[in-house]
Amino acid sequence: MLTQVSIFIIAIAFAVLVIYLIKTLKAAQGSLDKVTQTLQEVQKTVDELSYEVKQTVRHANDITADVDHKLKQVEPVMESVKNLGEVLSEVTLAAKQASTALMTRLQKSRSTASSTSGTEKAIKSTGLNRPLTATERTVQSYNATYGEPASKSAKNWLGYVDIAAGVWQKMRQ
């Protein structure tokens, strides 16, 4: 009888153990079902986000290609602006040099014209130290205004202008 009671207690203990194992396994199955559902939702969200990210990347690529195309179109204009700046700098430098040379020549011609004009030379060579007559003053004024040094510098100025125009024409071509 003792063996029968022992087997009966073991059977009851085994039944109780099986019941608790079933409850534990059902709880674990519920948790796994919830985890599976959560993973499916996460996968769905990732799929939606990956589609949006792909669309954003495509749009960014389109914008980059458009900007690159526009930059290539603007590049010759920027090169032309750079060349124009260099040409204007050179023209300005040439004009500055020409005007400096012209001013130097005009100052030299004025200083030589005012210090020794043709009429004064004639008076000094004759030894006369008298004031100039009206006619002599008119001739002196005419020589100072229309004399050879002034017309020579005017011709040189026109030559510089012709040279600058020729250089400009060649640079434009």
Side-chain angles (χ1 to χ4, degrees), residues 1-113 145-146 149-173:
M1 167 125 160
L2 189 56
T3 54
Q4 291 177 348
V5 173
S6 297
I7 292 178
F8 181 71
I9 292 174
I10 291 174
I12 291 177
F14 185 72
V16 171
L17 179 64
V18 168
I19 290 172
Y20 279 114
L21 281 175
I22 290 173
K23 284 184 179 182
T24 305
L25 288 175
K26 283 192 178 197
Q29 183 182 5
S31 295
L32 286 174
D33 288 342
K34 286 184 181 180
V35 167
T36 303
Q37 183 182 5
T38 304
L39 283 175
Q40 287 173 351
E41 290 175 4
V42 167
Q43 183 65 35
K44 183 180 176 183
T45 305
V46 166
D47 289 342
E48 290 173 1
L49 286 176
S50 68
Y51 175 75
E52 290 178 14
V53 167
K54 287 177 184 176
Q55 289 297 96
T56 304
V57 168
R58 286 184 189 128
H59 187 66
N61 286 340
D62 292 343
I63 290 173
T64 303
D66 186 44
V67 167
D68 188 45
H69 176 70
K70 288 179 181 177
L71 281 175
K72 286 180 181 177
Q73 287 179 339
V74 171
E75 191 173 313
V77 174
M78 298 308 279
E79 187 69 26
S80 296
V81 168
K82 177 185 169 196
N83 291 340
L84 179 63
E86 291 173 358
V87 167
L88 287 177
S89 177
E90 291 173 9
V91 168
T92 303
L93 180 63
K96 182 179 177 183
Q97 290 173 346
S99 66
T100 302
L102 178 65
M103 291 304 293
T104 304
R105 289 183 182 174
L106 286 177
Q107 288 173 350
K108 284 182 182 178
S109 67
R110 283 186 181 172
S111 66
T112 57
T145 305
Y146 300 108
S151 64
K152 208 178 215 184
S153 65
K155 287 179 184 176
N156 286 339
W157 172 250
L158 289 175
Y160 290 135
V161 170
D162 286 340
I163 291 171
V167 168
W168 178 252
Q169 290 287 336
K170 287 180 182 177
M171 293 182 100
R172 282 184 47 199
Q173 293 173 351

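All of these numbers come straight from a predicted model, not from anything done at the bench.
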Between [atom1] of [X] and [atom2] of [Y], what distance do you get to the nearest 0.5 Å?
X: Asp68; Y: Asn61; atom1: CG; atom2: CG; value: 12.0 Å
X: Thr56; Y: Tyr51; atom1: OG1; atom2: OH; value: 10.5 Å
X: Leu17; Y: Ile10; atom1: CG; atom2: CD1; value: 12.5 Å
X: Leu84; Y: Lys82; atom1: CG; atom2: NZ; value: 13.0 Å
X: Ile7; Y: Ile12; atom1: CD1; atom2: CD1; value: 12.5 Å

### Message
Between Lys26 and Ile22, does the side chain to side chain contact (heavy atoms under 4.5 Å, CB included) criterion hold? Intermediate values first, please.
### Response
CA-CA 6 Å; Lys26 283 192 178 197; Ile22 290 173; 4.0 Å; yes
Side chains of [X] and [Y]: closer than 4.5 Å at any heavy-atom pair?
X: Lys44; Y: Glu48; value: yes
X: Gln37; Y: Glu41; value: yes
X: Gln43; Y: Asp47; value: yes

### Query
Where do His59 and Gln55 land on the side chain to side chain donor-acceptor pair (under 3.5 Å) test, with the steps shown first?
CA-CA 6 Å; His59 187 66; Gln55 289 297 96; over 6 Å; no
### Query
Taking 4.0 angstrom as the limit, do Arg58 and Asp62 come out as a salt bridge?
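Between Asp62 and Arg58 there is no salt bridge, as every charged N stays at least 4.0 Å from the carboxylate O atoms.
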### Whether Thr24 side chain and Tyr20 backbone form a donor-acceptor pair below 3.5 Å
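Yes; at least one donor-acceptor contact below 3.5 Å.
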